[in-house]
Number of protein chains: 2
Amino acid sequence: MISFDTFKPTEGTPIYQQILLYIKRGAVAGTIRDGDELPSRRVLSALLGINPNTVQKAFHLLEEEELIVSQAGAKSVMKITEEKIQKLREDLLREDIRSITGALRQMGISREEAFKLIDQFWEEEETEALRSIFL
Amino acid sequence: MISFDTFKPTEGTPIYQQILLYIKRGAVAGTIRDGDELPSRRVLSALLGINPNTVQKAFHLLEEEELIVSQAGAKSVMKITEEKIQKLREDLLREDIRSITGALRQMGISREEAFKLIDQFWEEEETEALRSIFL
DNA sequence: CCAACTGTATTAGTTCTATAATACAGTCAA
DNA sequence: TTGACTGTATTATAGAACTAATACAGTTGG
């Protein structure tokens, strides 16, 4: 069963899109694999404290993109080939990197400065992650 | 008069927020300076092909953040001190860098791989920018 | 001065996001 | 088998984002 323990909703972005991204990124990372069961719409919505219809919207889109298969009565299941994962990886990375480089260049930040900043935040989040594990 | 020549609306994000960001980032980059006149609501909305009320919403928020001053009958004017610019710089950078490092780590991308990707896109956009100038 | 431009305000309608309350039919384990 | 769980569908409501049309008051240049 796919876990949503590390799912942190952000304000400003539609929740159903965040669920979509969370699963796609998990697939790219390899923490979510082909054949994995997803939590039911009702259970997940209760866990996240949101409406079942919002989860349904996200899952419906995953179904349309043929990343999961659903069948009335049974839990939805991940259905991802290595090929799909590669495509996901490229698409998600391109979008993410494009947005950040665009933003930084627009602010007149040099590449060197950008690297320094990313380095800094990377370590910060690393220590944050560790802290949450050991507390 | 502040130019919106390099403004490229993206789908998925509210337009008024994109206008807000465009101006803030311009202030951080130094291309938009204290005392600069903004185009009128009507003119800018016509240029961007959007509704005047959408521009008004963005400008109203800039007014609330005390980055511009407006007065009925006259054009709005940038009103930014060096202190405000520094604060903007920190806020925008933190938000941008945080989102990208979060996304990359969630996909299991290493720091080295991230740098390589950013390097690649940085050059791509550079050549794109040059192409648009020389064509 | 005054016409053309400015910022500001109001009302109305559409689409999208999210919630809420049901209802129905298929699956599955006890 | 059967009861509890599944996915799916429908209808209603509310707020945000965006468009549209209009109105009014202040400024500014010719």
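The residues A:R111 and B:E123 are annotated as salt-bridged, a charged nitrogen and a carboxylate oxygen being separated by less than 4.0 angstrom.
In this structure, A:R42 and B:I50 both approach DNA chain D, and ranking their closest nucleotides by distance from the 5' end singles out A:R42. For the pair A:Q71 and B:E63, both in contact range of DNA chain C, the more 5′-proximal nearest nucleotide belongs to B:E63. Where A:A72 and A:Q17 meet DNA chain C, the nucleotide closest to each residue was compared, and A:Q17 sits on the side nearer the 5' end.
Atom CG in B:L61 sits roughly 13 Å away from atom C1' in D:dA16 (whole-Å rounding). We find that CD of B:Q56 is positioned 16 Å from C1' of D:dA21, with the value rounded to whole Å. Summarising the geometry, the separation between OH on B:Y16 and P on D:dT19 is reported as 13 Å, rounded to the nearest angstrom. To the nearest angstrom, C1' of D:dT19 lies 18 Å from CZ of B:R41.
At a threshold of 4.0 angstrom between heavy atoms, the contacts of B:F59 with the nucleic acid are absent.
For the side-chain contact (heavy atoms from CB on, under 4.5 Å) with B:I109, the lone residue among A:I97, A:L93, A:L92 that qualifies is A:L93. For the side-chain contact (heavy atoms from CB on, under 4.5 Å) with A:L38, the lone residue among A:I32, A:I23, A:V77, A:L44 that qualifies is A:I23.
The shortest distance between side-chain heavy atoms of A:I19 and A:L48 falls below 4.5 Å. Side chains of A:T101 and B:I118 form a contact here, defined as non-hydrogen atoms less than 4.5 Å apart.
Residue B:K57 places none of its side-chain N or O atoms closer than 4.0 Å to OP1 or OP2 of D:dC18.
Between the side chains of B:R41 and B:S76, a donor-acceptor pair is found at a separation under 3.5 Å. At a cut-off of 3.5 Å, with distance as the only test, no side-chain donor of A:R25 or A:T31 sits close to an acceptor on the other residue.
Evaluation of the salt bridge (charged side-chain N to carboxylate O under 4.0 Å, His left out) test over residues 56-73 of chain A, restricted to residues two or more places apart or in two chains, returns A:K24-A:E65.
When DNA chain C is scanned 5' to 3' for any atom under 4.0 Å from a heavy atom of chain A, the first and last hits are C:dT17 to C:dT27.
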Collect all protein-nucleotide pairs involving nucleotides 3-5 of chain D in which both atoms are nitrogen or oxygen and the distance is under 3.5 Å.
none

Short N/O separations, protein against nucleotides 11-15 of chain D, under 3.5 angstrom:
none

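One hydrophobic cluster, built from ILVMFWY side chains closer than 4.5 Å, holds both A:L117 and B:F121.
Applying the ring pair (Phe, Tyr, Trp, His ring centres under 6.0 Å) criterion to B:Y22, with sequence neighbours excluded, gives B:F4, B:F7. In terms of the side-chain hydrogen bond (donor to acceptor under 3.5 Å, both in side chains) criterion, B:R98 has no residue partners (sequence neighbours excluded).
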